[in-house]
Amino acid sequence: MNIKINFDAMGIATSVACAIHCAFLPLLISSLPILGINIIHNLVFEWGMIGLAFIVGFYSLFHGYVKHHRLTAPLLIFAAGFIFLVLKQVVPQFEYLFLSLAVVLIIAAHFYNYRLCHLSKCSSTNHQH
């Protein structure tokens with residue numbers, strides 16, 4: 001059985017999961033601290049999500065760069081988004097602004113990479129053409 005993993009889709013999913021966590025979780029699950037569970041503004045969880053987004057995103061985009069299109073634009077867009085993601089943690093006054101910019105840029109980088117990978121002619125097993 002040959003299973004193909006689409007790392008661009010995984011990168012988009014982790015970005016969306018991070019956005020949902022940061023924006024909607026406080027509104028929907030405000031009773032978790034009463035139960036002794038604290039994932040809202042938990043630094044370990046926040047940095048863990050940022051680390052996961054970086055690992056999946058960088059791997060996906062670097063793979064696309066090396067194996068498919070050799071264009072740095074998706075990596076640069078991802079880097080800009082990732083800078084905003086880190087700034088969200090460092091400058092909490094602008095958390096939602098930086099988060100919005102980060103999510104848009106990171107998802108845009110994955111979509112652009114995905115499109116470039118599908119436009120290229122290659123024999124990689126990680127993308128379907």
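Only heavy atoms go into these numbers, but all of them, side chains included; no hydrogens, no water, no symmetry mates.
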Before giving the answer on side chain to side chain contact (heavy atoms under 4.5 Å, CB included), spell out for Tyr65 and Leu71 the whole-Å C-alpha distance, their side-chain angles and the decisive distance to 0.1 Å.
-> CA-CA 6 Å; Tyr65 171 79; Leu71 295 174; 5.6 Å; no
What's the spacing between Tyr114 OH and Leu119 CG if we round to 0.5 Å?
-> 11.0 Å
Leu61 and Leu76: same hydrophobic cluster, using ILVMFWY side-chain contacts below 4.5 Å?
-> no
Please tell me if the side chains of Phe98 and Val91 come closer than 4.5 Å, counting only heavy atoms from C-beta onward.
-> yes
Between His63 and Asn113: side-chain donor-acceptor atoms closer than 3.5 Å | no
Pair His68 + His118: ring centers closer than 6.0 Å | no
Go through the steps to decide whether Val103 and Val16 satisfy the test side chain to side chain contact (heavy atoms under 4.5 Å, CB included), and finish with yes or no.
-> CA-CA 7 Å; Val103 168; Val16 170; 5.6 Å; no
Enter the distance from Leu43:CG to Ile50:CD1 here, rounded to the nearest 0.5 Å.
-> 9.5 Å
Before giving the answer on side chain to side chain contact (heavy atoms under 4.5 Å, CB included), spell out for Tyr112 and Ile77 the whole-Å C-alpha distance, their side-chain angles and the decisive distance to 0.1 Å.
-> CA-CA 9 Å; Tyr112 189 39; Ile77 295 168; 4.2 Å; yes
In Å, rounded to the nearest 0.5 Å, how long is the span from CD1 of Ile12 to CD1 of Ile107?
-> 6.5 Å
Atom pair CZ/CE of Phe45 and Met49 - distance to nearest 0.5 Å | 5.0 Å
Taking the six-membered ring for Trp, are the ring centroids of Phe54 and Phe82 within less than 6.0 Å of each other?
-> yes
